[in-house]
Student: 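This is the structure I want to talk about, given as structure tokens.
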Amino acid sequence: MFTNADHEYMSLALLLAERGLYTTTPNPLVGCVLVNHGQIIGQGAHLKAGEPHAEIMALRDAEAKFPNLIQGADAYVTLEPCCHFGRTPPCTDALIKAGVNRVIVAMQDPNPQVAGNGLAKLAAAGIETHHGLMEAQARELNAGFISRMTQKRPFVRVKIAASLDGKTALANGESKWITGEAARKDVQHWRARSCAILTGIGTVLADHPKMNVRHIPNARQPLRVVVDSQLRISPQAEILAGGNTLIAYVSDVERKAEALSKSGAELIKVESSEGKVCLKQLLSHLAERGINEVMVEAGQTLNGALLTLNLVDEFVFYYAPTLLGSNARGMVAIPALESMQNRTELCLIEVRQFGQDIRVRAKPISKT
């Protein structure tokens, strides 16, 4: 159905979409390429919420370069064009007005406000439409947006730095640094594309992290989220510096809430029946705030809790060529398994080397 040329143009559209990797949230990443008789006449990407969408940017590009070739052109878009008024007008209207001949999209929009209606509107206007070209790549690019639209929670990516024997810290909590500089720099890119960084109070007390993005120009700072059931965090904690930090808690026995609020932190009470922060409710709250992707940088307790609740979508492991021994801390704290059938199986996505360290990306395999 799709030609080699179709794949070539959609590949370019996907590359264009990546330009907004660190800036588009809460909107999806979208790229668009306009082609007329084998000639690329316009290119565009959506870079920031509230600014023009990819289709509009491509039409503007074509208008500046090849205004006489827009009518009758083909549009390759990584996500179904929107058909509703949001911060910007519908892209379907712009494509119809421009007189394009054909619209090929990688995937339909999971947003209920669109969800096939954009393609239907184009077809009703006499424009030939197709979807499904390089859909897997498009879904990978917008995993967070898809999760928020379909599951009402962000995509959860858990980052773990460990020794080859699977240990993340010494028994006394010391963990700096297991991995080398190259691996730590790579982590910054994952932070930059994330809408929020999630950690636990244990990590805050042991490591005094800032959990901010460094060394990446123009990257927005993600929301920092601390799971702290009993509000043990200090108002002077480094992770609170500069604001943009949300603390999820259950009780305030020491009456710290007022001082924490004055330090710039935002507090949200999220209680579960066990007296701990309800992680499902917390993720639902983050989705309501427009959070697409959450990166977890925590210890074995929070990692294990998320895994037990089937809330982990992807692991990013960084393995260093070192051994820490059986008494060191592990990756995930989960109940003891009584059968190998209860183990968590993973599907490998990618393996890469950074300096002397190895990065392994993997997804839990659903047992349902």
Side-chain angles (χ1 to χ4, degrees), residues 143-144 147 153-179 183-184 186-187 190-191 194-209 211 222-229 232-233 239 246-248 270 272 274 276-283 286 291 293-320 324 326-337 342-349 357-367:
S147 179
R153 70 165 179 83
F155 184 91
V156 177
R157 179 179 289 112
V158 176
K159 186 274 292 185
I160 299 177
S163 59
L164 282 183
D165 54 348
K167 304 301 181 179
T168 60
L170 301 181
N172 63 10
E174 183 181 349
S175 62
K176 293 183 179 180
W177 295 103
I178 292 178
T179 54
R184 297 199 298 274
D186 185 63
V187 170
W190 292 108
R191 281 188 185 177
S194 301
C195 309
I197 308 297
L198 178 66
T199 193
I201 184 59
T203 298
V204 171
L205 295 177
D207 297 341
H208 310 289
M211 296 292 183
L223 176 70
R224 297 172 294 186
V225 183
V226 180
V227 176
D228 183 10
S229 298
R232 296 160 59 198
I233 191 170
I239 199 169
L246 174 69
I247 304 174
V270 187
S272 71
E274 297 84 16
K276 297 181 180 180
V277 169
C278 177
L279 297 175
K280 288 185 177 181
Q281 187 179 339
L282 174 59
L283 290 176
L286 293 178
I291 300 294
E293 292 188 11
V294 169
M295 182 171 176
V296 180
E297 297 193 51
Q300 60 180 357
T301 301
L302 183 54
N303 291 344
L306 289 165
L307 183 61
T308 300
L309 293 170
N310 295 316
L311 296 175
V312 178
D313 296 298
E314 180 179 323
F315 283 103
V316 180
F317 300 104
Y318 291 89
Y319 287 103
L324 297 184
S326 61
N327 291 326
R329 299 184 182 183
M331 295 181 175
V332 292
I334 56 176
L337 304 182
N342 296 328
R343 65 190 176 188
T344 299
E345 294 188 275
L346 306 177
C347 174
L348 288 179
I349 303 171
D357 303 320
I358 297 173
R359 187 186 77 189
V360 177
R361 293 176 58 207
K363 292 185 177 183
I365 298 175
S366 175
K367 296 180 180 179

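Note that these values count all heavy atoms, side chains included, but never hydrogens, waters or copies made by symmetry. Numbering of residues begins at 1 and proceeds along the displayed sequence.
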Student: Looking at CG of Asp228 and CG of Leu205, how far apart are the two atoms once the value is rounded to the nearest 0.5 Å?
Tutor: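 Here the interatomic distance stands at 7.5 Å.
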
Student: Where is the tightest heavy-atom contact between Ala305 and Leu279, given as atom of each residue plus distance?
Tutor: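 Nearest heavy atoms, Ala305 then Leu279: CB-CD1, 3.7 Å.
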
Student: Working to the nearest 0.5 angstrom, can you tell me the gap between Ile201 CD1 and Leu302 CG?
Tutor: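 The distance works out to 11.5 Å.
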
Student: Between Ile178 and Thr168, which heavy-atom pair has the shortest distance, and what is it?
Tutor: CD1-O, 3.0 Å

Student: Is it the case that atom CG in Asn172 sees more than 12 heavy atoms from other parts of the structure closer than 6.0 Å?
Tutor: yes

Student: With the side chain counted from C-beta on, respond yes when Thr199 and Ile239 share a heavy-atom pair under 4.5 Å apart, and no when they do not.
Tutor: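 Side-chain contact under 4.5 Å: yes.
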
Student: Where is the tightest heavy-atom contact between Val294 and Pro154, given as atom of each residue plus distance?
Tutor: CG2-CB, 3.7 Å

Student: Quick check against the 3.5 Å criterion: does Ser194 have a side-chain atom that pairs as donor or acceptor with the backbone of Trp190?
Tutor: yes

Student: For Pro222 versus Ile197, what's the shortest heavy-atom pair and its separation?
Tutor: CG-CG1, 3.6 Å

Student: As an exercise, state the distance from CG of Asn303 to CG of Leu311, rounded to the nearest 0.5 Å.
Tutor: 12.0 Å

Student: Check step by step if side chain to side chain contact (heavy atoms under 4.5 Å, CB included) holds for Asp357 and Arg184.
Tutor: CA-CA 10 Å; Asp357 303 320; Arg184 297 199 298 274; over 6 Å; no

Student: Which pair of heavy atoms, one from Ala248 and one from Val270, lies closest together, and at what distance?
Tutor: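 Residues Ala248 and Val270, closest heavy atoms: CB-CG2, 4.4 Å.
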
Student: Measure the spacing between NZ of Lys363 and CD1 of Ile365 and express it to the nearest 0.5 Å.
Tutor: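 CD1 of Ile365 is found 11.5 Å from NZ of Lys363.
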
Student: Measuring from Phe155:CZ to Met295:CE, what's the distance to the nearest 0.5 Å?
Tutor: 12.0 Å

Student: Should Leu286 and Val225 count as side-chain neighbours, where that means a heavy-atom distance under 4.5 Å?
Tutor: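 Side chain of Leu286 against side chain of Val225, heavy atoms only: contact under 4.5 Å found.
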
Student: Do Val156 and Leu198 come within less than 4.5 Å of each other through their side chains, counting heavy atoms only?
Tutor: no

Student: Measuring from Arg329:CZ to Thr301:OG1, what's the distance to the nearest 0.5 Å?
Tutor: 8.5 Å

Student: Grab the two heavy atoms, one from Arg153 and one from Asp313, that are nearest each other, plus how far apart they are.
Tutor: NH1-OD2, 2.8 Å

Student: Using the rule given for side chain to side chain contact (heavy atoms under 4.5 Å, CB included), can you reason through Phe317 versus Met331, listing the C-alpha separation, both sets of side-chain angles and the distance that settles it, and then say yes or no?
Tutor: CA-CA 10 Å; Phe317 300 104; Met331 295 181 175; 3.7 Å; yes

Student: Without swapping roles, check the side chain of Gln300 against the backbone of Gly330 for a donor-acceptor pair under 3.5 Å.
Tutor: yes

Student: With a 4.5 Å cut-off on side-chain heavy atoms, are Leu307 and Phe315 touching?
Tutor: yes

Student: Show me, pair by pair, the donor-acceptor contacts under 3.5 angstrom made by side chains of residues 157-164, not counting sequence neighbours?
Tutor:
{"from": "Arg157", "atom 1": "NE", "to": "Glu314", "atom 2": "OE2", "distance (Å)": "3.4"}
{"from": "Arg157", "atom 1": "NH1", "to": "Glu293", "atom 2": "OE1", "distance (Å)": "2.9"}
{"from": "Lys159", "atom 1": "NZ", "to": "Glu297", "atom 2": "OE1", "distance (Å)": "3.4"}
{"from": "Ser163", "atom 1": "OG", "to": "Asp165", "atom 2": "OD1", "distance (Å)": "2.3"}
{"from": "Ser163", "atom 1": "OG", "to": "Lys167", "atom 2": "N", "distance (Å)": "3.1"}
{"from": "Ser163", "atom 1": "OG", "to": "Lys167", "atom 2": "O", "distance (Å)": "3.4"}

